[in-house]
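It should be emphasised that the depicted structure is a prediction, and the values quoted were computed from it without experimental measurement.
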Amino acid sequence: MARDEQLPEELYTGPIDLAGVRELEGEEGDLEIPEISYDEQRYPARPRRLRPRDNLRGSSLRRIRTDPRTANGTNPSYVEWLVRQSMLKDADILARPLAGQPSMWRHAYARPDSRRAIATSDAWFTAYPISLITRPGQSFLAALGDEELWSAFERIGISAIHTGPVKRAGGIAGWLDTPSVDGHFDRISTQIDPAFGTEDEFRALCDVADTHGGSVIDDIVPGHTGKGADFRLAEMGFKDYPGIYHMIEIPPEDWMLLPDVPDGVDSVNLDAATEHELADRGYIIGALQRVIFYTPGVKETNWSATAPVIGPDGVTRRWVYLHYFKQGQPSINWLDPTFAGMRLVIGDALHSLGDLGTSALRLDANGFLGVEKSAEGLPAWSEGHPLSHAANHIIAGMVRKVGGFTFQELNLTIEDIRDTGAVGADLSYDFIGRPGYHHALATAQTEFLRLALNQSLLLGVQPVQLVHGLQNHDELTYELVHWATRHGDDTFPFRGREVSGSQLAEEIRADLTESLTGTADYNRVFTQNGIACTTTSLIAATRGIARLDDITDEDVPAIRDAHLLLSAYNAWQPGVFALSGWDLTGMLTIPGDEVADLIRAGDTRWIERGAHDLLNADPKATRSAAGMPRGRSLYGTLPDQLDDPDSFASRLSDILRLRREYGIATASQLDIPEVAHAGMLVLVHRLDDGDAQAEAPMQVTVLNFAPEPTEGTVRSEQLVPGSIVMDAASGDDIGRVDDLQSFSVSLPAYGAMFLLLQAEEPVAE
């Protein structure tokens with residue numbers, strides 16, 4: 001439904017309000033899976049089981065009259081208006097034409113297939129809608145569909161755009177929209193947000209991408225929605241809508257247990273005592289394994305209580321609802337008997353794939369889809385739950401069934417990434433190697449990076465299953481969950497001694513914090529999870545530059561070389577390579593006083609989201625159309641860079657050309673061997689496209705994370721003695737593998753080499 005069919009223009013306040021986006025976004029952290037559930041332990045005072053009908057309470061219809069301007073359940077026009085724009089209604093409409101059609105059986109869907117996904121697109125540009133500077137009057141989606149941009153991407157080697165969330169988000173209060181509280185990840189509609197463009201512009205973007213051999217990737221959010229039409233109808237107790245959410249109706253006789261809701265807000269977070277009391281009375285499952293964004297007096301639990309809401313039946317209700325993240329992001333219930341939540345999410349996916357024309361979807365917050373009461377005295381089981389695996393299997397299977405693929409951002413342990421990926425998403429964001437390569441650059445030592453990569457291989461996660469990214473809209477997350485939680489008591493060799501996983505995590509966190517924020521005043525710690533910075537500001541800090549104004553033109557070549565090293569690390573291994581506009585233009589962080597309103601509540605990530613101009617679309621613009629201040633670019637626009645063979649974009653195109661020419665994106669990783677120099681990293685691959693039986697050449701990536709030149713020996717049991725070692729970039733032979741299965745290399749500061757091994761030709765008799 002068009003915006004002008006919903007509200008008079010004078011009532012529309014706009015879908016985006018940067019100043020309102022103050023709370024922290026969701027990040028996975030410590031978790032602990034309980035050993036047994038509540039049902040697996042018996043207690044003398046345990047209440048008897050109720051029959052299903054004893055848990056269900058009916059209500060009677062009441063005929064009421066109301067003012068047509070009223071914005072509550074007593075007004076049939078208001079209820080109808082909400083239904084017309086609800087995601088659940090759209091999902092029902094979208095699903096019907098596909099039922100019984102042969103197109104639903106043309107694709108394999110049971111198992112993830114990372115190599116099939118990579119064959120669709122293996123080098124991604126990750127956009128951030130509110131930070132892109134466009135031509136005057138041009139929308140974000142129209143800018144992404146610009147032929148000039150796709151021509152530049154094609155020259156560089158980028159084959160897909162991940163748009164980021166561009167559908168309507170935030171909430172509804174009465175007849176008015178409220179702004180997003182989570183960067184448009186609190187979705188309330190399948191409609192494109194007018195702030196970013198139109199559905200026709202989105203379809204045109206997909207068409208332009210196709211003409212350049214590329215594709216478009218969208219987002220769905222299976223873990224929660226915003227407080228839009230679906231949630232407002234759920235509060236009214238209308239039809240299936242309460243089944244979308246983890247929400248429990250509290251009878252009036254127990255409303256005294258709930259906190260009062262002040263005027264001007266629609267819900268209040270429960271304190272721990274109220275959470276415990278409601279759990280004791282059997283209403284909710286109580287405390288979860290952790291409280292994301294815990295803030296005293298603001299968010300002390302994962303539950304909130306609504307204000308009294310009257311429904312179309314004349315009954316006034318109060319609810320308690322679950323939200324893993326912010327109060328404005330009610331969690332979806334994947335095992336309600338109506339399956340309303342599942343229908344909503346699948347409908348949103350079908351809209352992006354079938355109606356808009358995307359090729360793939362990112363799954364956000366997909367590790368939080370199951371929740372269950374645990375043994376008495378233990379927190380509820382809310383992370384690593386089997387229902388999350390099952391729900392991800394359904395989502396990813398449906399997407400594969402219509403010919404697309406999915407990737408997930410799951411910042412949990414390597415085992416969780418492995419197990420969820422075994423049945424769910426085709427690809428997972430690389431939360432394994434990213435903190436390792438940042439630590440390697442910060443310390444000029446690759447020991448932790450090699451440890452992480454070898455643990456990944458040992459536990460069954462190949463790099464071909466991962467999306468290896470540079471900067472995106474989030475902070476440089478430490479991503480140390482694997483070491484700090486499940487393996488916290490295990491020991492690992494590090495710096496000449498055995499340390500526990502939890503101690504290892506603390507040391508890595510301390511190293512990164514000190515190196516990146518100790519003297520540099522332009523990077524900032526973000527809660528306990530990471531550091532707000534750009535890739536270039538990270539590199540500047542590792543080089544000892546204290547202030548933004550101290551970064552001069554003389555510093556740019558070294559920063560660019562280190563940036564290209566990180567690009568080569570991510571691109572010269574199997575899997576997807578991803579980077580952002582902040583990477584392509586070499587953006588620095590924004591001075592804190594320019595985004596003071598946004599970071600006041602503690603979300604320091606806004607300093608890294610500066611507005612940037614890819615095409616020199618508006619040289620005079622000081623802000624993006626959404627209001628983000630323009631940051632400082634070290635590399636310049638893409639047209640200027642592509643005219644300069646020494647620029648970041650031009651040299652990146654050489655890196656991606658080798659990646660594409662030799663098919664390393666779908667290769668198999670065989671070894672991450674020990675190295676002769678602390679700053680070196682060696683990755684050994686077989687260019688076999690996943691076929692272990694095929695005859696395939698060997699490839700070796702050699703990188704130097706140190707700021708000075710180095711020489712060393714590459715040795716691996718996977719190397720065949722006598723093989724000729726060729727530098728693929730120059731075509732020169734640089735040596736031969738000796739009988740000890742080794743050869744020597746020499747690299748400049750921040751150097752990277754893509755080496756091919758050719759078997760020795762037999763000597764003719």
Side-chain angles (χ1 to χ4, degrees), residues 26-28 31 33 107-122 124 160 162 217 219-223 334 345 349 359-370 383-401 403-436 452-469 472 477 479 481-483 485-487 570 573-578 665-669 689-690 692:
E27 302 293 345
E28 294 81 355
L31 58 91
I33 299 175
H107 302 281
Y109 63 88
R111 297 183 180 88
D113 190 342
S114 59
R115 287 183 170 86
R116 184 190 71 84
I118 291 171
T120 302
S121 54
D122 72 298
W124 300 354
H162 175 211
I217 302 168
D219 294 82
I220 61 170
V221 188
W334 274 83
V345 173
S359 299
L361 297 172
R362 171 188 178 268
L363 307 182
D364 180 68
N366 67 314
F368 306 93
L369 307 186
E383 297 177 23
H385 194 283
L387 178 57
S388 288
H389 295 176
N392 277 281
H393 197 175
I394 291 171
I395 299 167
M398 176 59 73
V399 173
R400 287 191 288 268
K401 201 170 186 182
F405 69 87
T406 57
F407 81 100
Q408 63 182 358
E409 286 194 340
L410 191 68
N411 185 12
L412 296 176
T413 67
I414 296 174
E415 291 93 335
D416 288 314
I417 294 172
R418 176 197 66 201
D419 296 343
T420 303
V423 294
D426 299 275
L427 297 161
S428 297
Y429 200 79
D430 184 0
F431 286 118
I432 299 168
R434 195 167 82 153
L453 297 180
N454 276 305
Q455 280 290 301
S456 183
L457 290 183
L458 179 66
L459 295 174
V461 176
Q462 276 274 343
V464 75
Q465 300 170 255
L466 303 175
V467 177
H468 311 289
N472 60 19
T477 43
E479 293 126 7
V481 178
H482 178 82
W483 314 96
T485 59
R486 185 168 184 166
H487 297 278
N570 286 285
Q573 61 176 307
V576 168
F577 168 69
T666 55
S668 300
Q669 190 167 89
D689 198 25

**OP:** Tell me, with the steps shown, if D219 and H162 meet side-chain contact (heavy atoms from CB on, under 4.5 Å).
**Re:** CA-CA 8 Å; D219 294 82; H162 175 211; 2.9 Å; yes
Taking the side chain as everything from C-beta on, heavy atoms only, tell me whether [X] gets closer than 4.5 Å to [Y].
| X | Y | value |
| --- | --- | --- |
| H468 | F577 | no |
| V576 | I118 | yes |
| E383 | F368 | yes |
| I395 | I220 | yes |
| L466 | P574 | no |
| V481 | F431 | no |

Flag, side chain of [X] to backbone of [Y], donor-acceptor distance under 3.5 Å:
| X | Y | value |
| --- | --- | --- |
| N392 | N366 | yes |
| S428 | Q408 | no |
| W334 | P222 | yes |
| D426 | P112 | no |
| Q462 | Q669 | yes |
| R418 | L459 | yes |

Distance check, rounded to the nearest 0.5 Å: [X] atom [atom1] versus [Y] atom [atom2]?
| X | Y | atom1 | atom2 | result |
| --- | --- | --- | --- | --- |
| T413 | Q455 | OG1 | CD | 11.0 Å |
| L453 | Q573 | CG | CD | 7.0 Å |
| R362 | I217 | CZ | CD1 | 11.0 Å |
| Y429 | I417 | OH | CD1 | 12.0 Å |

Original post:
What residues, two or more places apart in sequence or in another chain, satisfy ring pair (Phe, Tyr, Trp, His ring centres under 6.0 Å) together with H393?
Top reply: none
Subject >> Of L412, L410, L363, the residue whose pairing with T420 passes side chain to side chain contact (heavy atoms under 4.5 Å, CB included) >> reply: L410
Subject >> I414: which of L458, D419, L457, V461 passes side chain to side chain contact (heavy atoms under 4.5 Å, CB included) >> reply: V461
What closest approach, in Å, do [X] and [Y] show between heavy atoms, and which atom pair accounts for it?
| X | Y | value |
| --- | --- | --- |
| S668 | G690 | OG-CA, 4.0 Å |
| S359 | T120 | CB-CG2, 4.4 Å |
| A396 | G424 | CB-O, 3.0 Å |
| R115 | A667 | NH2-O, 3.0 Å |

Subject >> side-chain hydrogen bond (donor to acceptor under 3.5 Å, both in side chains) partners of T666, counting only residues at least two apart >> reply: D689
Original post:
In terms of heavy-atom contacts, does CZ of R116 have more than 12 from other residues, nucleotides or ligands at under 6.0 Å?
Top reply: yes
Original post:
Just checking, any donor-acceptor pair under 3.5 angstrom between side chains of D416 and H482?
Top reply: no
